[in-house]
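One structure is given here, and the rest of the page talks about it.
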Amino acid sequence: MPGPAKPGSSLPLAVSPDKKRLYAGLRNEPYSVVTFAIDARTGKLKPVGPGPLADSMAYIATDRRGKFLFSASYGGNKIAVNPIGPDGVAQSVQQVMPTQPNAHCIVPDSSNRYVLHTSLGGDLVYQEKFDAKTGKLTPNDPASVSVKAKAGPRHLVFSPNGKFVYLINELDASIYVFPWDARTGTLKKEVQVATSLPKGLMASRGRRTFISRRMANSSTPPNAPPARWRHSASIRRREC
């Protein structure tokens, strides 16, 4: 990994929408994000170049066109936006927005007009409008949605059909299922709060919602048929 010689902590990763580039955020000073070209035939990575980050970032993601890089800083309590140059390298930070404690995830919707991001310490999901031409984020109305106190919003994901948002909370191991209003870019009132033992990441492929523990080596996929508003909370445990 090109960059600082001193080892850092875990690297947040993001893949460009065209699958041609991988972005790796370095969590040691000076904070940067390294762009790699992906060889589509072999899968090998070739360093392209580093770009600056506003802080140590727990999460990074590109917008849906691959023109801007979003990042969320857990320790810095902020999110940020970098333009991405024609060569795929992140340019200077153009916007920083303070958040409640422990920003943890930032994700654009499929229309590229809205962005959601979480505050684990503030028990909030922020709702932003996104200008895909300028890369600027502005608060939506309402600007945020609260979950139960001490739930600890960590990661979220949109369902493949774009009708739901799944939120995993780290501290109480709950999963919130929100209907998504694509017209306004806002979350409707949750239709389910499921309880599960895992804490950590989640990724949706449409038929099931996969969750991995942060503090233990296991993952569990609860059934989650996308066509239904009520989702099964039954969990099959798989040790890693």
Side-chain angles (χ1 to χ4, degrees), residues 12-25 31-38 40 48-55 57-73 76-99 103-119 124-145 153 155-167 178-188 202-204 206:
L13 302 174
V15 177
S16 63
D18 61 9
K19 306 295 191 290
K20 293 182 178 180
R21 297 185 179 97
L22 174 73
Y23 297 92
Y31 303 120
S32 62
V33 56
V34 178
T35 301
F36 294 87
I38 303 173
V48 177
L53 288 176
D55 210 320
M57 296 300 178
Y59 197 99
I60 58 174
T62 71
D63 78 308
R64 298 295 180 177
R65 297 193 305 159
K67 301 296 184 182
F68 296 92
L69 184 78
F70 304 120
S71 54
S73 175
N77 310 319
K78 63 173 69 79
I79 61 167
V81 183
N82 295 61
I84 296 175
D87 59 356
V89 175
Q91 299 176 343
S92 297
V93 179
Q94 72 170 32
Q95 185 179 13
V96 175
M97 299 178 71
T99 69
H104 215 307
C105 174
I106 182 165
V107 178
D109 81 321
S110 61
S111 75
N112 214 35
R113 296 187 299 133
Y114 303 106
V115 166
L116 299 177
H117 56 100
T118 59
S119 164
L124 293 172
V125 178
Y126 287 93
Q127 305 182 131
E128 312 286 353
K129 297 178 181 179
F130 175 61
D131 187 326
K133 292 183 179 180
T134 66
K136 185 177 181 180
L137 294 171
T138 54
N140 207 336
D141 184 18
S144 63
V145 172
H155 283 234
L156 55 83
V157 65
F158 286 87
S159 64
N161 62 13
K163 294 183 178 181
F164 298 96
V165 171
Y166 301 93
L167 171 71
F178 294 98
W180 173 246
D181 188 329
R183 183 181 64 84
T184 63
T186 56
L187 300 171
K188 297 180 182 180
M202 66 188 301
S204 175

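The basis for the numbers below is simple: all heavy atoms, side chains too, and nothing from hydrogens, waters or symmetry mates. Bear in mind that the values here come from a model prediction, so they are computed numbers and not experimental data.
Judged by distance alone, the side chain of R113 and the main-chain N or O of G185 form no donor-acceptor pair under 3.5 Å. Between the side chain of N82 and the backbone N or O of P52, at least one donor-acceptor pair lies under 3.5 Å. Of the possible donor and acceptor atoms, one in the side chain of T35 sits under 3.5 Å from a partner among the backbone N and O of G88.
Annotation: side chain to side chain contact (heavy atoms under 4.5 Å, CB included) contacts of P83 (sequence neighbours excluded): F68, Q91, Q94. A search for side chain to side chain donor-acceptor pair (under 3.5 Å) contacts involving N140 returns nothing, not counting sequence neighbours. With sequence neighbours excluded, the residues forming a side chain to side chain donor-acceptor pair (under 3.5 Å) with T186 are T184, listed by chain and number. In this view, D55 and K78 satisfy the side chain to side chain donor-acceptor pair (under 3.5 Å) rule, not counting sequence neighbours. Among residues two or more places apart in sequence or in another chain, the side chain to side chain donor-acceptor pair (under 3.5 Å) test is passed with Q95 by none.
The two residues C105 and A72 come nearest to each other via the heavy atoms N-CB, 3.9 Å. Taking every heavy atom of both residues into account, A58 and P12 meet most closely at O-CB, 3.6 Å. Contact record, A80 with V93: CB-CG1, 4.2 Å, taken as the closest heavy-atom pair. Shown here for S73 and G76, the closest heavy-atom pair between the two residues is OG-N, 2.9 Å. A pairwise comparison of heavy atoms in T62 and P17 identifies OG1-CD, 3.4 Å as the closest pair. V33 and A90 make their closest contact through CG1-CB, 3.6 Å (heavy atoms, listed as atom of the first residue, atom of the second, distance).
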Kindly indicate, with the supporting measurements, whether the criterion side chain to side chain contact (heavy atoms under 4.5 Å, CB included) is fulfilled by W180 and L187.
CA-CA 5 Å; W180 173 246; L187 300 171; 3.7 Å; yes

Apply side chain to side chain contact (heavy atoms under 4.5 Å, CB included) to K129 and Y114, showing your working.
CA-CA 5 Å; K129 297 178 181 179; Y114 303 106; 4.2 Å; yes

Using the side chain to side chain contact (heavy atoms under 4.5 Å, CB included) rule, take V157 and V107 through it: C-alpha gap first, then chi angles, then the decisive distance, then the call.
CA-CA 8 Å; V157 65; V107 178; over 6 Å; no

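The list of salt bridge (Lys or Arg N to Asp or Glu O under 4.0 Å) pairs with a residue in residues 87-96, not counting sequence neighbours, is empty.
Contact check for P108 versus V115: side-chain heavy atoms found under the 4.5 Å cut-off.
In this structure, N112 CG and D63 CG are separated by 4.5 Å, a value rounded to the nearest 0.5 Å. Atom OG of S144 is separated from atom CG of L124 by 4.5 Å, given to the nearest 0.5 angstrom. Here the CD-CG distance, from Q127 to L116, works out to 6.0 Å after rounding to the nearest 0.5 Å. Note that the OG atom of S16 and the CZ atom of R65 stand 14.0 Å from one another [nearest 0.5 Å].
Here the options are T118, V81, L156, I79, the test is side chain to side chain contact (heavy atoms under 4.5 Å, CB included), and the partner is I106; only I79 passes.
Ring geometry, Y126 versus H117: the interplanar angle falls under 30°, so the pair is classed parallel (tilted spans 30 to 60°).
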